[in-house]
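Reading through the structure tokens given below for one structure.
Quick note on labels: first sequence line is chain A, next is B, and so on, each numbered from 1. Computed from a predicted structure; not experimentally measured.
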There are 2 protein chains.
Amino acid sequence: MAHKTDGPEHAPLPATKRAPIVAVFVVIFTVEESDLKVLLIRRGVAPYEGQWAIPGGRLQTGETLDEAATRKLVEETGVRDVYLEQLYTFGDLDRSAEGGAVAIGYFALVDHDSVSLPRREEWPTAWYSLKSLPPLAFDNESVLDYALRRLRSKMEYTNVAYSLLPQYFTLSQLQAVYESILGKEVDKRNFRKRMLALGILRPTGRTMVLGAHRPAKLYTFASRQPTAI
Amino acid sequence: MAHKTDGPEHAPLPATKRAPIVAVFVVIFTVEESDLKVLLIRRGVAPYEGQWAIPGGRLQTGETLDEAATRKLVEETGVRDVYLEQLYTFGDLDRSAEGGAVAIGYFALVDHDSVSLPRREEWPTAWYSLKSLPPLAFDNESVLDYALRRLRSKMEYTNVAYSLLPQYFTLSQLQAVYESILGKEVDKRNFRKRMLALGILRPTGRTMVLGAHRPAKLYTFASRQPTAI
DNA sequence: TCAAAAGTGTTGTTTATACACCCATGT
DNA sequence: ACATGGGTGTATAAACAACACTTTTGA
């Protein structure tokens, strides 16, 4: 679905003036060792050459926005079929582009273990903890802030966490993911009660031994589709 | 704030190919006589000439997205300083535009009494009840669906209703606005309790006579800024 | 005096929070 | 045997939902 309506006053407007650049970028989150991280790319050209930025690129002809975001995600992580949602569209900055630039932002959640970062010399990528970000290009800091706020509120009422965990996981792992993202500890008993009451988890009957202690029951998400509970 | 990051593979891409058209449109809602309405415009050119559509137009050079949405809103309603929020960006359709089209959608809430529709022959506008929409251009039906879902959820936890009411209003008027938008009746006592408990309303001490019955107390919003309660 | 909307409290139910101990395992 | 994380229940508080009658006015 999409839309275009020319208003009365600029119906005939010729397409000769410099048109704005249209870019799509993807904020890719993961949780690794109970730490929320984001994938950044080091820019190989001006502006902001050498600085870290959120990965993105031009929208290609004939491509939908979702397709462009998926393409970017696959290029940078190799994963597909994860949670991917449109975040916001930014129209100010990049000021360096004459004619202006419009950037449609997405955010994605990936299971760290299923990602393989491409090896390359230019435009290298790396995971950065949200607690220790390098200086970022453009004002990507505020974009990350916005994405994080959105992610946190989504965690409260959806099953998006499915996309950050392997197929089978323990309730403690699930809790660790929540705590990493919300940035605060939650009560174990209340957390389990709430999650199980939601009915989005299915016990597998299997257990997993993780150390010198009682084995943990393994669960799986009843649905791996985004569900607005 | 905004963003643009060229990925490695298309850093040098020449700007010669047909660039996508960038348009901004605004879903303008109002409540009139306890009925939720949307402002539509009748298209004067192909595609979909003669059909009703959500008002919008090209993004102009040097303009931010918010500025473009505000400009459109003022052009069509004369009002300013109302609730205006970015909704979603659509990238598929208009298929008729070669090079593609990207449309950034906004939604706005206006007090019906402060609107004056422009009088003109071409591209006329009119309010339509959401209960009896004409056939729409592009697939604006699904855009309206989306906007309505967003509006409903916003009503639950924000003060956006301030933008749909005159400065002074009664609790019954406020309730009528909620019921029109949510599409269902709510309990009067619980509604009043909840609204007053939120602390976003201020009693004015004045009353208003509306008919052959007891006069109603007038309230005003403590803040006319968007507040995420 | 009648019709019509304004205004007002209580009770029961559901949901969220706070909090501490035993269990199964590896070393 | 001990250290480690896995697993479990209860009591209190807060939020929400259901429900009916009296008040003030204009006609």
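Atom pair B:Arg194:CZ and D:dA14:C1' shows a separation of 15 Å (rounding to whole Å applied). In this entry the distance linking CZ of B:Phe191 with P of C:dG7 reads 13 Å, nearest Å. Rounded to whole angstrom, the span from the CZ atom of B:Arg214 across to the P atom of D:dA27 amounts to 18 Å. With rounding to whole Å, A:Arg192 atom CZ is found 9 Å from D:dG5 atom C1'. For the pair A:Glu185 CD and C:dC19 C1', the interatomic distance rounds to 15 Å; values are reported in whole Å. Atom CE in B:Met208 sits roughly 14 Å away from atom P in D:dG26 (whole-Å rounding). Here C:dA5 presents its P atom at 13 Å from CD of B:Gln175, a figure rounded to the nearest Å. As a whole-Å value, the separation of B:Leu196 CG from C:dG9 P is 12 Å.
Side-chain N/O atoms of A:Ser172 include one lying less than 4.0 angstrom from OP1 or OP2 on D:dG6.
Here the closest non-hydrogen pair linking A:Trp123 and A:Ile41 is O-CG1, 3.6 Å.
For A:Lys193 against C:dT14, a side-chain-to-base donor-acceptor contact under 3.5 Å is absent. Side chain B:Lys188 to base C:dG7: a donor-acceptor pair is found below 3.5 Å.
Of the candidates C:dT8, D:dC19, C:dC19, C:dC19 carries the atom nearest the A:Asn190 side chain, counting heavy atoms from C-beta on. Residue A:Val209 has its side chain nearest to C:dG26 when only D:dG7, C:dG26, C:dA6 are considered. When each of C:dA24, C:dG26, D:dC19 is scored by its nearest atom to the side-chain atoms of A:Pro215, the top-ranked nucleotide is C:dA24.
Comparing A:His213 and A:Arg189 against DNA chain C, the residue whose closest nucleotide sits nearer the 5' end is A:Arg189.
Within 6.0 Å of CZ in B:Arg224 there are more than 12 heavy atoms belonging to other residues, nucleotides or ligands. Residue-environment remark: CZ (B:Arg192) exceeds the threshold of 12 foreign heavy atoms within 6.0 Å.
Ring geometry for A:Tyr48 versus A:Phe138: interplanar angle of 30 to 60°, hence tilted.
By the 4.0 Å N-to-carboxylate-O rule, B:Glu156 lies too far from B:Arg152 to be salt-bridged with it.
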